[in-house]
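The next block holds one structure in the form of structure tokens; read it before the comments.
Proteins get letters first, then strands, A, B, ... in listed order; numbering begins at 1 in each.
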Amino acid sequence: MSQRPIRILIAKPGLDGHDRGAKVVARALRDAGMEVIYTGIRQTPEMIVEAALQEDVDVIGLSILSGAHMDLFPRIVELAKEKGLSDVMFVCGGIIPEDDIPSLKQMGFVGAFGPGASTQDLVKFIKEEVARRVQA
Amino acid sequence: MESKELDALRAGDPRIVARAISAIERDGDQARTIVQAIFRYTGRAHTIGVTGAPGTGKSTLVNEIAKQFRRRGKRVGIIAVDPTSPFTGGALLGDRLRMQDLSGDEDVFIRSMATRGHLGGLALATANATQVLDAAGFEIIMIETVGAGQSEVDIAKNAQTTIVVQAPGMGDDIQAIKAGIIEIADLLIVNKADREGANATVAVLEMNLSLKPNAENEWRPPVLKTIAIKGEGVTEILDWVGKHREHMQSTGVMKIREQARLRAELENVLQRQLMKRILNGMNGARMDSLVEKIAARELDVYSAAESILKN
């Protein structure tokens with residue numbers, strides 16, 4: 001058995017109920033050979049980290065459209081570290097203003113994929129980043 | 001496996017448990033050492049396979065059954081198996097979506113597993129993952145699979161109690177009989193029982209069961225109606241699961257089935273280990289030349305195999 005497929009959690013934290021984008025991303029990632037654990041909407045930071053922990057994912061992808069990312073994301077990243085998930089890769093998507101990207105990068109997000117981002121770019125990015133980490 | 005890690009696993013540390021399951025899925029040397037370390041601590045859990053066609057409400061039902069077991073103080077592990085796409089190698093593992101009620105509970109562990117296209121390897125991976133959860137102290141372990149392929153059906157069959165879920169109006173009356181899936185059921189559930197045709201589906205299943213002659217002391221699967229989304233009919237499932245377990249223990253069937261399962265697992269592992277050894281000991285060029293000879297009809301497959309084995 002060679003290397004395992006990339007396992008990625010796609011979650012929508014907070015109260016944002018519009019998940020079409022997240023589902024499109026989930027499908028694209030599956031079609032690119034990844035194992036996608038889709039947790040759905042209305043996830044609390046605790047639920048997201050618990051799922052990431054149990055599923056032993058390589059990547060956590062957070063989707064948010066409500067603008068609450070600067071409130072919710074730090075909590076999620078912090079909780080993940082607390083629970084021993086400091087080596088998980090964080091990416092995000094949805095409505096992520098350019099201005100927030102530097103802060104998000106500081107928080108630990110390696111990529112932010114806002115409106116117009118192509119699923120192909122996302123797939124390539126994730127694969128390259130995971131490969132880079134494996135080598136390191 | 002270090003003893004500190006083993007202790008943490010046995011205490012149910014989710015990170016260690018999750019990593020152990022990942023190692024098992026990867027099926028390398030680590031998988032072997034993990035199973036060797038934990039095996040003596042397994043054999044306590046009651047394993048329950050839940051299978052059925054897609055759309056019958058299995059995940060929702062598993063969620064409800066787990067909630068009830070939790071109310072009775074049992075620690076619950078759930079392995080949700082979903083198909084890997086044979087074309088892309090990827091999988092969309094969405095069963096957790098139906099089990100949100102269970103989140104935040106330390107005594108519940110949910111793991112999604114993709115079939116990953118291993119033939120026979122899937123049964124071994126789920127068996128070993130179940131053993132990890134068993135060693136971690138989960139008393140009830142539910143394994144949910146889509147009963148579409150033979151290997152998925154086999155997994156459900158390998159559990160101590162097998163629950164087969166049907167839903168009305170899915171052309172079920174014929175499906176139920178054709179699939180042969182009824183034969184593996186210890187409990188038959190007609191979920192979405194508020195839908196039209198529910199009683200007819202129950203009737204067909206009962207009729208099918210009565211066609212089989214029932215030997216004395218043989219378990220007759222109950223046909224139960226549920227509305228999983230409302231949690232209706234679920235306590236009855238738990239009661240019947242308990243009855244089934246008692247029946248198996250008192251008739252000695254539990255032991256017989258367990259031994260049969262472990263024998264099959266031993267044979268499976270033997271096959272895999274032997275294949276690995278043989279293939280590792282062979283050089284690729286020799287294999288290629290044998291295959292060419294077979295294609296040219298200079299050699300048949302059996303003779304080729306003999307020549308490999310003789311070496």
With a 4.5 angstrom heavy-atom cut-off, could you sort out which part of [X] is near chain A: side chain, backbone, both or neither?
X: Asp105(B); value: backbone
X: Arg96(B); value: side chain
X: Ser112(B); value: both

Selection from [options] maximising heavy-atom pairs under 4.5 Å formed with chain B:
options: Leu53(A), Asp56(A), Leu85(A); answer: Asp56(A)
options: Ile6(A), Leu29(A), Asp31(A); answer: Asp31(A)
options: Gln54(A), Glu50(A), Met47(A); answer: Gln54(A)

I'd like to know if the side chain of [X] pairs up with that of [Y] as donor and acceptor (distance under 3.5 Å, no hydrogens or angles considered).
X: Lys12(A); Y: Ser63(A); value: yes
X: Thr51(B); Y: Glu144(B); value: no
X: Asn63(B); Y: Thr60(B); value: no

- Task: Check each atom of Arg7(A) against the heavy atoms of chain B and say whether the ones under 4.5 Å are side chain, backbone, both or neither.
- Result: side chain

- Message: Under 4.5 Å from any heavy atom of chain B, what part of Glu35(A) do you find: side chain, backbone, both or neither?
- Response: both

- Measure the acute angle between the ring planes of Phe113(A) and Phe125(A), then classify it against the limits of 30° and 60° as parallel, tilted or perpendicular. perpendicular

- Message: With chain A as the partner, which of Ser85(B), Ala31(B), Ser103(B), Ala91(B) has the greatest number of non-hydrogen pairs under 4.5 Å?
- Response: Ala91(B)

[X] bridged to [Y] by N-O distance under 4.0 Å:
X: Asp29(B); Y: Arg32(B); result: yes
X: Arg111(B); Y: Glu25(B); result: yes
X: Asp121(A); Y: Lys127(A); result: no

